[in-house]
Trainee: 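Below is one structure. I have some questions about it.
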Amino acid sequence: MSHRSALLKIYHRLFECYGPQNWWPADSPFEVMVGAILTQNTSWSNAEKALNNLKKSDALNIHSILKLTEKELAKLIKPSGYFNIKSKRLKNYVTWFEKEGRFNCLNKLDDNILRERLLNVNGIGPETADDILLYAFERPVFVIDAYTRRLLKSMKMIDGAESYEKLRFFFESSLSADIGLFKEYHALIVRHAKEKCTHLKNCRHCIVETPM
DNA sequence: ACCCAGGGTCATA
DNA sequence: TATGACCATGGG
């Protein structure tokens, strides 16, 4: 079976199981970017608490994040963990976003150029960059995370030690560049992981009957 | 009391 | 390039 067929089969099985996830949960693209940083190595429920604190303080905007001191911001995002580092990363990212002319200018850049620019911002690694590219900038980039790697490995479709870029290329070269599909696929993989289904057989959350 | 969560940076070899 | 230390809260 081709990689394309296998990946589509997995997607359809996940969708059949869980339905549309409608990611990313946010009121605006800006909130997506902030949330992507806050949820780094942190449960979404904790990141959400931090986001709610920012909203309550009317601080979920460029001006407030730049105006708040590092300590004030850290206090607001405390529930997300790593609050000192994330405070720096947030201010750092928003400073860059403002300097680059926000969405108006950044939207004009090609996908790969924009990705390189994002990766050059301290605190933005490959996964956070791709979250932002896919869910805030609506670019056809496939997000890889630990769950994605685990899933493909359990399917015996990869060895497991492949680089982030290699896995991203695996998805992007096998599937057509469909933003809606990429958004839903990554969300479904995370949803599936939350069901704590680690095996493949005899389970109602089973993705396929047999490994591919 | 432990383990993990929608990662990334930096120093070291 | 490839490991290891570090960052820190909240829920199970």
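Each chain gets a letter, A, B and so on, in the order its sequence line appears, and its residues count up from 1.
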Trainee: Going 5' to 3' along DNA chain C, which are the first and last nucleotides with any atom under 4.0 Å from a heavy atom of chain A?
Mentor: C/dC7 to C/dG11
Trainee: Can you check nucleotides 9-12 of chain B for protein contacts, nitrogen or oxygen pairs under 3.5 Å, and list what you find?
Mentor:
| residue | atom | partner | partner atom | Å |
| --- | --- | --- | --- | --- |
| B/dT9 | OP1 | A/Gly123 | N | 3.0 |
| B/dC10 | OP1 | A/Asn122 | ND2 | 3.2 |

Trainee: Taking B/dG6 as the reference, what is the distance to C/dG4 when you measure between their P atoms (whole Å, please)?
Mentor: 24 Å
Trainee: Round to the nearest Å and state the distance from A/Asn41 atom CG to B/dC4 atom C1'.
Mentor: 9 Å
Trainee: Dot-bracket for DNA chain B, 5' to 3', counting Watson-Crick or G-U wobble pairs under 3.5 Å, with [ ] for crossing pairs and | for inter-strand pairs?
Mentor: .||||.|||||||
Trainee: Can you name the closest pair of heavy atoms from A/Arg139 and A/Leu134 and give their distance?
Mentor: O-CD1, 3.3 Å
Trainee: Please report the distance separating the C1' of B/dA1 from the corresponding atom of C/dG10, rounded so that it comes out in whole Å.
Mentor: 15 Å
Trainee: Using a 4.0 Å cut-off on heavy atoms, which residues in residues 130-140 of chain A reach DNA chain B? List them by number, or say none.
Mentor: none
Trainee: Quick one, which residues of residues 42-59 of chain A touch DNA chain C with a heavy atom under 4.0 Å?
Mentor: A/Asn46, A/Lys49
Trainee: Which of residues 159-179 of chain A sit near DNA chain C, with a heavy atom under 4.0 Å from it?
Mentor: none
Trainee: My understanding is that only one of A/Ile132, A/Val32, A/Leu109 makes a side-chain contact (heavy atoms from CB on, under 4.5 Å) with A/Phe137; could you say which?
Mentor: A/Ile132
Trainee: Kindly determine whether A/Tyr185 and A/Phe15 satisfy ring pair (Phe, Tyr, Trp, His ring centres under 6.0 Å), including the steps that lead there.
Mentor: CA-CA 8 Å; A/Tyr185 207 148; A/Phe15 191 89; over 10 Å; no
Trainee: Can you tell me, in whole Å, how much space there is between the C1' of C/dT3 and that of B/dA5?
Mentor: 22 Å
